[in-house]
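One-based numbering along the sequence shown. Treat the numbers as computed from the prediction; the structure is a model and nothing was measured. Just follow the structure's listing: the first ligand is 1, and inside any ligand the first atom is 1.
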Amino acid sequence: MECVVQGIIETQHVEALEILLQGLCGVPKESLRIHELCLKSAPGLGVVASEVRLLCDLEQPEPTWTVRHVGGAMRGAGADQISVLVRTVVESKTSKNVLRFFYALGYKLDHELLRVGFAFHFQRVARITVTVTSVNKMPKLYAIDDAVPVTPGIQLVEVTAPASPENYTEVVAAVSAFCEYLAPLLHLSKPGVATGVVPSAAAAAASLMSNGGSKSL
Ligand SMILES: *[C@@H]1O[C@H](CO)[C@@H](O)[C@H](O)[C@H]1NC(C)=O
């Protein structure tokens, strides 16, 4: 399982967010350039339509593919009350010919994206990952060099942490607590809940840029 929240930030404030994250996490950022293929199962294959994502981080010295399936979100009164989404995830490393394998299974390419940005990985009760990326689409298949932003001037921020049925309460609390620190710059909520940008972002960014993030510590 994983706990996840998402938000958006204007590209002009990303540098301030990076300073804040650097100060909070105390680890260097990692560059990301993720090629993502979203596949959907053709009708007739299984009862429920299935969606898988093939991911490849092109920043790695030896890029490898990962297949990722996001399952259902946790439901019930308890789940509704928390501001973090808890969902099942299955992830596995794959070989390079994975796309042919899924085509052979009857999956079809739905869309293709290139996410460019950075990530911070750190331990704060839970093992938290923060990614800040611009989402780009390609004019034609595999035309990575011609990728153009889907939402120009806006970047996607995602905070995730691995969890289990035994410890998700603790992980949700850790993720929520961490999100509080980012609140002046962006509002994070469950994926699919539209949030928009935060009015205080410009002032918070200016303050972070002028003191190098030290105040936020
Ligand atoms: C919760 O469980 C997951 C899966 O076993 C593990 O990866 C994670 O580190 C655990 N987190 C905490 C805070 O115990």
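Nearest protein neighbour of atom 1 (C) of ligand 1, counting heavy atoms only, is N167 ND2, 1.4 Å. The protein heavy atom nearest to atom 13 (C) of ligand 1 is V125 O, 3.5 Å.
For atom 5 (O) of ligand 1, the choice among A173, A126, S164, A174 with the nearest heavy atom turns out to be S164. In this comparison of P162, A163, C3, P165, the heavy atom closest to atom 7 (O) of ligand 1 sits on P162.
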Indicate every side-chain donor-acceptor pair of residues 58-70 with a distance under 3.5 Å to a residue at least two apart or in another chain.
from, atom 1, to, atom 2, distance (Å)
Q60, NE2, D57, OD2, 3.2
R68, NH1, E91, OE2, 2.6
R68, NH2, E2, OE1, 3.3
R68, NH2, E2, OE2, 2.9
H69, ND1, E51, O, 3.0

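The side-chain heavy atoms of C3 and V171, taken from C-beta on, include a pair separated by under 4.5 Å. The closest side-chain heavy-atom distance from L114 to E36 is not below 4.5 Å.
Inside a 4.0 Å radius of atom 9 (O) of ligand 1 there is not any protein heavy atom.
The two residues A147 and M138 make their nearest non-hydrogen contact at CB-SD, 3.8 Å.
Residue pairs that meet the ring-ring contact (aromatic ring centres under 6.0 Å, His included) test with at least one member in residues 109-138, sequence neighbours left out, are F118-F120, F122-F178.
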